[in-house]
2 protein chains.
Amino acid sequence: MNVTIADIAKATGLAKSTISGALNNKSGFSEKTRRRVLAAAEELGYVPNEIARGLSSKSTGSIGLIIKDITNPFYNHITKGVQEIAGEHGYTVFLCSSGEEHQAEINHIQAMVRKRVDGLIIAPLLEEVTFDHFFELKEQNVPFVLLGKIQGLSCDTYEFDDYDGGRQVTEHLLSMGHTRICFVRGPKTSKAAKLRYSAFINTLKSHGIEADERYVFQNANGIADGMAVGKQIAAMPDRPTAVICFDDVIAIGVIKAVMEAGLQVPEDLSIIGFDDIEVNTFPLTTVSIPTYEAGKALAWTLFDRILQRRTSGFQHITFEQKLIERASVRQLYNK
Amino acid sequence: MNVTIADIAKATGLAKSTISGALNNKSGFSEKTRRRVLAAAEELGYVPNEIARGLSSKSTGSIGLIIKDITNPFYNHITKGVQEIAGEHGYTVFLCSSGEEHQAEINHIQAMVRKRVDGLIIAPLLEEVTFDHFFELKEQNVPFVLLGKIQGLSCDTYEFDDYDGGRQVTEHLLSMGHTRICFVRGPKTSKAAKLRYSAFINTLKSHGIEADERYVFQNANGIADGMAVGKQIAAMPDRPTAVICFDDVIAIGVIKAVMEAGLQVPEDLSIIGFDDIEVNTFPLTTVSIPTYEAGKALAWTLFDRILQRRTSGFQHITFEQKLIERASVRQLYNK
DNA sequence: TTGTATGCGTTATCAC
DNA sequence: GTGATAACGCATACAA
């Protein structure tokens with residue numbers, strides 16, 4: 001049913017190897033036979049079997065991308081960047097989402113290895129998990145690039161400077177007169193959440209302020225959690241004056257809930273997020289993160305590895321985060 | 001370097017076929033050898049090669065999903081639904097985005113066929129394009145399900161009732177007293193855009209109102225276009241009282257631009273979108289579309305085809321669209 | 001310039 | 001129960 005190079009060999013009276021060579025534009029074939037081969041291939045409706053090609057050539061022309069959440073714009077832009085570069089290389093990408101679940105991440109990585117992807121780009125869970133599967137991956141000799149760093153694992157990494165982002169955000173709030181600040185942490189498996197939080201604590205401390213335990217919310221993830229948190233904040237008797245959210249999605253959830261509860265932002269409550277997502281009407285003060293660029297960069301270095309253009313040591317690159325002041329933080333006069 | 005069943009055959013002194021059978025839990029092997037094989041595989045660090053398996057078994061365990069825009073929540077939710085069902089079947093998905101470009105769609109489909117995916121889910125461009133590649137795909141005998149219908153092409157399809165969505169939205173605006181209504185059409189390759197627009201025109205006409213040409217914007221796609229349109233609307237001397245946007249992303253762009261220009265929504269301008277995207281603070285009146293459910297349904301019927309559970313005729317399912325009234329449309333008293 | 005032979009890692013069809 | 005052996009579709013080294 002499926003036409004193979006054997007069929008077109010038979011049809012043209014040439015050998016399989018000639019067909020293969022001519023089809024792949026290898027040198028050493030007359031223009032005449034090349035055309036003959038191409039014509040026959042066209043006529044028979046030949047579609048190269050990349051599976052067979054992969055088995056024989058040790059390269060599948062596909063890479064795997066493992067993110068944490070398909071519905072978060074943060075990962076959408078990373079994905080977009082990766083896709084773009086992959087496309088430029090004639091590659092195709094398997095997209096997997098771990099959904100912040102350890103076992104899912106493990107399963108996806110193993111599935112990708114079994115599918116013999118030429119390389120892997122992974123946004124790994126970094127807190128409260130084990131990393132055996134990464135060391136195993138390393139031994140399996142499939143090139144991979146990480147969005148985040150894992151202790152003792154040598155590979156190319158990209159990071160965003162989350163600590164500094166947390167610091168900027170806290171400094172900003174402080175400079176606007178806020179001291180009763182609420183902090184909504186992201187997923188407990190997120191190192192970004194941890195870093196931003198410790199930056200928050202430390203920056204507060206350096207200004208002689210102690211963070212209030214009651215004002216920190218753990219493990220928020222997604223808009224639903226954001227709304228739940230917002231509801232709680234709105235109902236607090238000694239409400240904070242500002243809240244730092246792990247990301248814009250959560251911030252948007254908080255804003256929705258808080259407004260539904262009859263509060264105004266920033267008049268009654270100042271709010272800051274992270275990621276600077278574009279599709280949003282609210283003038284949210286946030287921290288911009290170059291996700292699209294990071295996606296492209298991740299893919300570039302992966303392809304450098306795959307195509308062996310670079311065999312030198314592993315590189316570790318950190319992207320800056322940058323506070324974008326808009327109108328969701330109010331200047332406080334009377335502390 | 002890579003350990004194969006041949007290696008584990010050598011290690012155990014058994015035959016390759018025995019290894020293969022035992023590993024795949026085929027019946028007819030003693031518990032003893034099965035355990036021996038498993039142990040050896042574990043010890044040698046055997047990782048099955050799905051490429052080789054695919055070549056031999058004619059099934060790759062992967063499907064392709066071709067959407068139009070990775071960064072649009074609409075497709076994110078479809079993707080999420082598809083991924084979920086694929087995962088349940090032990091399948092992996094290639095994600096491709098056509099970016100509303102005809103040639104990209106063609107290339108992606110062909111790439112997927114070359115990769116011998118077991119099936120394809122496609123959100124095709126439906127206007128101002130040719131469909132030869134779909135008829136070709138049909139002849140290549142790879143199962144596929146479409147989000148949209150193509151004339152003369154028999155396959156399973158899902159659709160959203162865009163005409164009715166357009167009607168609902170127009171009726172609503174009319175009932176709120178609006179007659180000077182602006183319509184922002186989506187991509188010119190979008191049939192949804194076309195249907196909604198014709199519903200708009202017809203509904204208006206049935207109320208004895210003629211649509212104003214100056215109030216229709218063509219080919220908007222993404223937030224940037226939405227903002228550009230919003231800017232233009234804000235600057236119009238005889239500004240419309242309401243605007244219907246192809247989707248929420250565009251609507252959000254319009255709202256941003258219009259507010260930057262100093263207008264209030266809905267006081268100065270009423271706005272309606274489509275899709276009901278969740279991550280959004282603005283109380284946008286919009287049309288909800290069951291994207292996540294559709295994603296799951298698309299995948300279900302694809303797997304029905306792949307696993308031959310259903311061999312009867314092709315099915316065509318239409319999901320309803322439902323107006324969600326929030327606060328972006330104002331009641332007009334003096335027409 | 002073209003043809004032959006072999007291998008890639010599995011699965012599958014047979015015998016034994 | 002288990003073991004040869006032949007596909008699967010292509011690439012490639014080597015001959016011719």
Side-chain angles (χ1 to χ4, degrees), chain A residues 1-38 40-41 44-62 90 111 113-118 140-142, chain B residues 1-38 40-41 44-62 90 111 113-118 140-142:
Chain A
M1 172 131 289
N2 239 308
V3 20
T4 73
I5 55 171
D7 297 323
I8 119 157
K10 207 168 297 170
T12 56
L14 295 167
K16 289 200 315 186
S17 58
T18 308
I19 310 300
S20 174
L23 245 29
N24 291 306
N25 276 316
K26 300 261 159 161
S27 61
F29 294 90
S30 70
E31 201 42 47
K32 202 179 117 195
T33 48
R34 194 185 301 278
R35 249 202 300 279
R36 189 144 65 104
V37 169
L38 256 34
L44 297 178
Y46 171 71
V47 178
N49 185 328
E50 296 278 354
I51 294 297
R53 185 199 293 260
L55 183 58
S56 163
S57 70
K58 307 302 224 173
S59 161
T60 55
S62 28
V113 175
R114 286 197 298 270
K115 300 245 165 164
R116 296 297 191 269
V117 291
D118 291 350
Q140 282 164 151
N141 283 314
V142 6
Chain B
M1 173 129 289
N2 240 308
V3 20
T4 73
I5 54 171
D7 297 322
I8 118 157
K10 208 169 297 168
T12 56
L14 295 167
K16 289 199 313 183
S17 52
T18 308
I19 310 301
S20 174
L23 247 29
N24 291 306
N25 277 317
K26 301 258 160 161
S27 61
F29 293 91
S30 70
E31 201 43 47
K32 203 180 114 193
T33 49
R34 195 186 299 279
R35 249 202 300 278
R36 189 145 64 103
V37 169
L38 255 35
L44 297 177
Y46 170 72
V47 178
N49 185 328
E50 297 278 355
I51 294 299
R53 185 199 291 260
L55 182 58
S56 168
S57 71
K58 306 306 225 170
S59 161
T60 55
S62 27
V113 175
R114 286 196 299 270
K115 300 243 166 165
R116 296 296 191 270
V117 290
D118 291 350
Q140 282 163 151
N141 282 314
V142 7

Distance test, side-chain N/O of A/Thr33 to OP1/OP2 of C/dT2, below 4.0 Å: yes
Length of the line joining B/Lys26:NZ and C/dT11:P, which is rounded to integer Å: 8 Å
Rounded interatomic separation in angstrom, taking CG from B/Leu23 and C1' from C/dG9: 12 Å
Donor-acceptor contact present, side-chain B/Thr12 to main-chain B/Val37, <3.5 Å: no
Distance in angstrom units between B/Asn2 CG and C/dC8 P, rounded: 12 Å
Phosphate contact (C/dT2 OP1 or OP2) by A/Lys16 side-chain N/O below 4.0 Å: no
Gap between atom CG of B/Leu23 and atom OH of B/Tyr46 - 0.5 Å precision: 5.5 Å
Atom-pair distance (CG on B/Asn49; P on C/dG7), nearest Å: 18 Å
C/dT11 phosphate, OP1 or OP2, under 4.0 Å from B/Arg53 side-chain N/O: yes
A/Glu50 CD - C/dC8 C1' separation (whole Å): 15 Å
Minimum heavy-atom distance between A/Ala11 and A/Leu44, given as atom pair plus value: CB-CD1, 4.0 Å
Residue mapping more 5' on DNA chain D - nearest nucleotide basis, A/Ser56 or B/Gly13: B/Gly13
Closest listed nucleotide, where the reference is the side chain of B/Ser17 and the choices are C/dT13, C/dT4, C/dG9: C/dT13
Sugar-phosphate only, base, or nothing, as touched by B/Ile51 at under 4.0 Å among non-hydrogen atoms: nothing
Any donor-acceptor N/O pair, A/Ser20 side chain to A/Lys16 backbone, under 3.5 Å: no
Touch class at under 4.0 angstrom, heavy-atom based, for B/Ser30 against every strand present: sugar-phosphate
Heavy-atom closest pair, residues B/Arg34 and B/Lys26: NH2-O, 3.2 Å
Side-chain ion pair, A/Lys115 and B/Glu50, N-O less than 4.0 Å: no
Over all atoms of both residues, closest heavy-atom pair of A/Arg53 and A/Asn24: NH1-OD1, 3.0 Å
First encountered from the 5' end of DNA chain D, between B/Leu55 and B/Phe29: B/Phe29
Touch class at under 4.0 angstrom, heavy-atom based, for A/Thr4 against every strand present: sugar-phosphate
Touch class at under 4.0 angstrom, heavy-atom based, for A/Ile19 against every strand present: nothing
For atom CD1 of B/Ile5 and atom C1' of C/dC8, their distance in whole Å: 12 Å
Span of DNA chain D in contact with chain B (heavy atoms, under 4.0 Å): D/dG1 to D/dG9
